[in-house]
Amino acid sequence: MYRSVQTEPMKGDPPMSAALELQSYSLLDDAECDERIDAAKKKLGDRMTILGHHYQRNEVFKHADHTGDSLKLSKLASEDDAEYIVFCGVHFMAEVADIVSRPDQKAILPDMAAGCSMADMANLANVERAWRELSEVLDPDEMVTPVTYINSAADLKAFCGRHGGIVCTSTNAQQILEWSYSRREKVLFFPDQHLGRNTGYRMGIPLEEMGVWDFGKPMGGLTVEEIKAAKMILWKGFCSVHQMFKPEQIDAWKEKHPDGIIISHPEASFEVCEKSDHVGSTEYILNTIRAAEAGTKWLVATELNLVNRVAEEMKPKGVLVEFMSTTVCMCATMFRTDPQHLCWVLENLVAGNVVNQVKVPTEEAWQAKKAIDNMLDVSVAAGKV
Ligand code: 13P
Ligand code: SF4
């Protein structure tokens, strides 16, 4: 559970009243929440924007003013004028919204327990230790660009900002790696080994030149020779949702649908991505399937809420969309945001109370912003946003 900050009212804020208790919202049914959310949105008008990630469940997703993947939502947060940015997503997304928005804007996460298990696989102590250990073999500040996937805590983005590094998302990983290699000869990529490996391999980096850094072991479990030979050092992190997808599931489905098309998120394993016809971000997956011709069949390796929604949308158009895994695998932390929490934060805003604000400490935010701005600049130049 992440801590929220209690902020003092700013000049011009409505007077604060006692915060409305979350407990009284937990028993509301979804229909009542819908009505109250709509009413609160009307009252708040353009003082508040709701951003919704594609993995949000329908009951929440339908209330979003804008939806998108991590990159699109970061860009929207950097441009939005609203006083309050309510992020229906996970904690690192709300942190990014806080970092890229103006100091007088407030980022709010409806449920502070909505984290990301992959982001939790890298922490600052372990990354700093890796940097120290690498410096026993080479000069990392001369030779290694640290690249953090956006699915990481703000202090890791700040680490990248301090060390000439950059943030990436699943949309721009290739352009970010190109930027990184144009500066230094190696990359330390964290926390998701799969996004790093899948992207690097497609850019022509052989698997033998990718070392996996096991953060539980001294020197990441690598020898001096392995570190010297590695073009890319991949943190041993992964997404618990995307690791459920297996190449055998593709083979079994292909037997039933030999002409079917496979589309996967790059957090899926190397073996799954290699067997896929398309690999890309959540926004890319949606846009690709939405452009599909009638009669086509798609097997999708990404989170269940997105897949179910696009399957329903495409059914009347004669496009079959199926989920890759045989077991249900939702992102449990994305699922934590429910209409009850959303209603609670909005009605508090109407009452003049900011609850569940996500605020990154100023110095850390400033350093993290450097790495995020690097990413946004590269993404804009590449036409990715
Ligand atoms: P996207 O940037 O593709 O939306 O991915 C975010 C994420 O958390 C996927 O698991
Ligand atoms: Fe994190 Fe995986 Fe959930 Fe994405 S799907 S938010 S990477 S746990």
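Remember, it's 1-based here, ligands and their atoms both numbered in the order they're listed.
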Near E267, which atoms of ligand 2 are under 4.0 Å from a heavy atom of that residue?
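Near E267, the atoms of ligand 2 are 2 (Fe), 7 (S).
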Are the charged groups of [X] and [Y] less than 4.0 angstrom apart, N to O?
X    : Y    : result
D192 : R197 : no
E313 : R290 : yes
K228 : E225 : no

Please report which non-hydrogen protein atom sits nearest to [atom], along with the residue it belongs to and the distance in Å to one decimal place.
atom                    : answer
atom 1 (Fe) of ligand 2 : C116 SG, 2.3 Å
atom 8 (S) of ligand 2  : S117 OG, 3.6 Å
atom 6 (C) of ligand 1  : S70 OG, 3.3 Å
atom 3 (Fe) of ligand 2 : C331 SG, 2.4 Å
atom 9 (C) of ligand 1  : E267 OE2, 3.1 Å

Does at least one non-hydrogen atom of [X] fall below 4.0 angstrom from an atom of ligand 1?
X    : result
M334 : no
H53  : yes
N151 : yes

Between the side chain of [X] and the main-chain N/O of [Y], is any donor-acceptor distance below 3.5 Å?
X    : Y    : answer
D277 : I262 : yes
D98  : V360 : yes
N126 : A122 : no

If I compare all heavy atoms of V212 with all of L222, which pair ends up nearest, and what's the gap?
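Smallest interatomic distance, heavy atoms only, reads O-CD2, 3.6 Å.
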Which part of [X] is near ligand 1, with near meaning a heavy atom under 4.0 Å away: side chain, backbone, both or neither?
X    : result
D69  : both
T302 : neither
E283 : neither
H242 : side chain
H265 : side chain

Out of curiosity, is E303 lining ligand 2, as in a heavy atom under 4.0 Å away?
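Per 4.0 Å heavy-atom rule, E303 does not contact ligand 2.
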Would one find more than 12 heavy atoms of other residues, nucleotides or ligands at under 6.0 Å from atom CD of E128?
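Yes, the 6.0 Å shell around CD holds more than 12 heavy atoms from other groups.
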Can you confirm whether the side chains of Y284 and H265 place a donor and an acceptor under 3.5 Å from each other?
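Side-chain D/A pair, Y284 to H265: absent.
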Quick one: do the E322 and W253 side chains pair a donor with an acceptor below 3.5 Å?
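Looking only at side-chain atoms, W253 and E322 do form a donor-acceptor pair, the distance falling under 3.5 Å.
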Contact check: S281 vs ligand 1, nitrogen or oxygen atoms, below 3.5 angstrom:
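N/O-N/O distance under 3.5 Å: no.
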Donor-acceptor list for residues 151-158 side chains, cut-off 3.5 Å, not counting sequence neighbours:
unit_1, atom_1, unit_2, atom_2, d
S152, OG, T148, OG1, 2.9
S152, OG, Y149, O, 2.8
K157, NZ, I150, O, 2.8
K157, NZ, S152, O, 2.6

Distance filter under 4.0 Å to Y55 heavy atoms, resulting ligand 1 atoms:
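Answer for ligand 1: 7 (C), 9 (C), 10 (O).
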Is C239 close enough that one of its N/O/S atoms sits under 2.8 Å from atom 1 (Fe) of ligand 2?
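Checking C239: none of its N, O or S atoms is under 2.8 Å.
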